[in-house]
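Have a look at the structure below before the remarks.
For the single chain, residues carry numbers from 1 onward in sequence order.
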Amino acid sequence: MTVCLLTAYWLLRVAREARWGFVPHVAWWAVPGVLLLLLTPVLDVPALFGVGAGLLLLAEFWPRAYVPLRSRPGRAWPLVGLITGGVLALAVIRSEQVQSVATFVAMACLLAGTAGLLVTLLLPRRPARVLGFEARWKVAVTPEWPDLSVSLSATGAHLKNVSRGTLRVAGWSPAGVNAWYRLRGEDGRAMNVLQAGQTAFLPWTTRTVGCGSGTPRTWPRNHPSVPG
């Protein structure tokens with residue numbers, strides 16, 4: 001009964017972490033840990049209980065028990081585990097003699113396959129982005145420069161998003177001015193999102209100095225530094 005509760009708790013933990021965008025890493029040690037707990041009374045080796053309990057503790061409290069998703073896993077391997085475990089379990093049930101090895105292999109395949117299937121079903125579409133201390137030593141990545149068409153007039157600059165994606169635009173920062181000139185739409189309202197093919201207006205006056213050396217600051221909508 002206790003082993004069943006521990007197994008159910010681990011599956012619920014895997015499902016909860018998957019909904020947050022994390023996948024099991026060291027947490028997979030829970031599968032052999034549960035099997036060792038079941039093998040303890042069968043083999044009459046008390047030491048197996050301590051090893052199994054230790055593996056369960058590692059799967060629960062290790063710092064990297066669950067890691068952020070880098071690439072979405074497929075459903076092939078979980079389905080292979082479930083099918084293999086189901087075939088072995090069916091063979092054990094139909095067999096006249098209980099085969100301990102086949103039984104525990106079937107349980108391991110079913111447990112691992114169920115956990116893997118929960119991960120693939122509950123993962124969000126966008127993987128979790130976690131910046132740890134190791135991000136300090138990574139090489140900076142520069143996104144592709146967005147395509148903007150700029151035409152100048154006496155009252156300001158007219159921008160048009162000629163790329164295929166949506167852009168988030170902060171505005172125009174003239175030289176020597178610690179501020180942003182906000183974009184304006186055709187109706188005069190301030191805007192910070194420029195859809196594909198949409199135009200915007202950056203106003204300035206004759207007193208504005210250094211506008212030609214300013215730079216329109218834009219980011220793609222799916223850039224990691226900007227929330228979607």
Are the side chains of Leu6 and Leu37 in touch, meaning some heavy atoms are under 4.5 Å apart?
yes

Less than 4.5 Å apart, side chain to side chain, heavy atoms only: is that true for Val23 and Tyr66?
no

Between atom OG of Ser149 and atom NE2 of His158, what is the distance when rounded to the nearest 0.5 Å?
11.0 Å

Which residues pass the ring-ring contact (aromatic ring centres under 6.0 Å, His included) test with His25, not counting sequence neighbours?
none

Reported CH2-to-CG distance for the pair Trp62 and Leu55, which is rounded to 0.5 angstrom
12.0 Å

Looking only at heavy atoms, which two atoms of Ala27 and Ala59 are closest? And how far apart?
O-CB, 3.6 Å

Any chance you could measure Leu12, atom CG, to Glu17, atom CD, to the nearest 0.5 Å?
12.0 Å

Does the side chain of Leu38 reach to within under 4.5 Å of the side chain of Phe104, using non-hydrogen atoms?
yes

Distance-minimising heavy-atom pair for Ala15 and Leu122:
CB-CD1, 3.4 Å

Check the surroundings of atom CZ in Arg16: do more than 12 heavy atoms from other residues, nucleotides or ligands lie under 6.0 Å from it?
yes

Quick one: closest heavy-atom pair of Val14 and Pro24, and the distance?
CG1-CG, 4.0 Å

Could you go step by step and tell me if Leu183 and Leu159 meet the side-chain contact (heavy atoms from CB on, under 4.5 Å) rule?
CA-CA 9 Å; Leu183 272 79; Leu159 300 180; 4.2 Å; yes

Apart from Leu82 itself, which Ile, Leu, Val, Met, Phe, Trp or Tyr residues share its cluster (side-chain heavy atoms under 4.5 Å, direct or through members)?
Leu79, Leu110, Leu117, Leu121

Suppose we screen for side-chain contact (heavy atoms from CB on, under 4.5 Å). Which residues come up paired with Leu111, at least two apart in sequence or across chains?
Thr7, Trp10, Leu11, Val31, Val34

Do Val193 and Leu167 have side-chain heavy atoms sitting under 4.5 Å apart?
no

Minimum heavy-atom separation for Ala200 and Met191, please, with both atom names.
CB-SD, 4.0 Å

Sub-3.5 Å donor-acceptor pair from the side chain of Thr40 to the main-chain atoms of Phe49, do we have one?
yes

Donor-acceptor pair, Asn161 side chain versus Leu194 backbone, under 3.5 Å?
yes

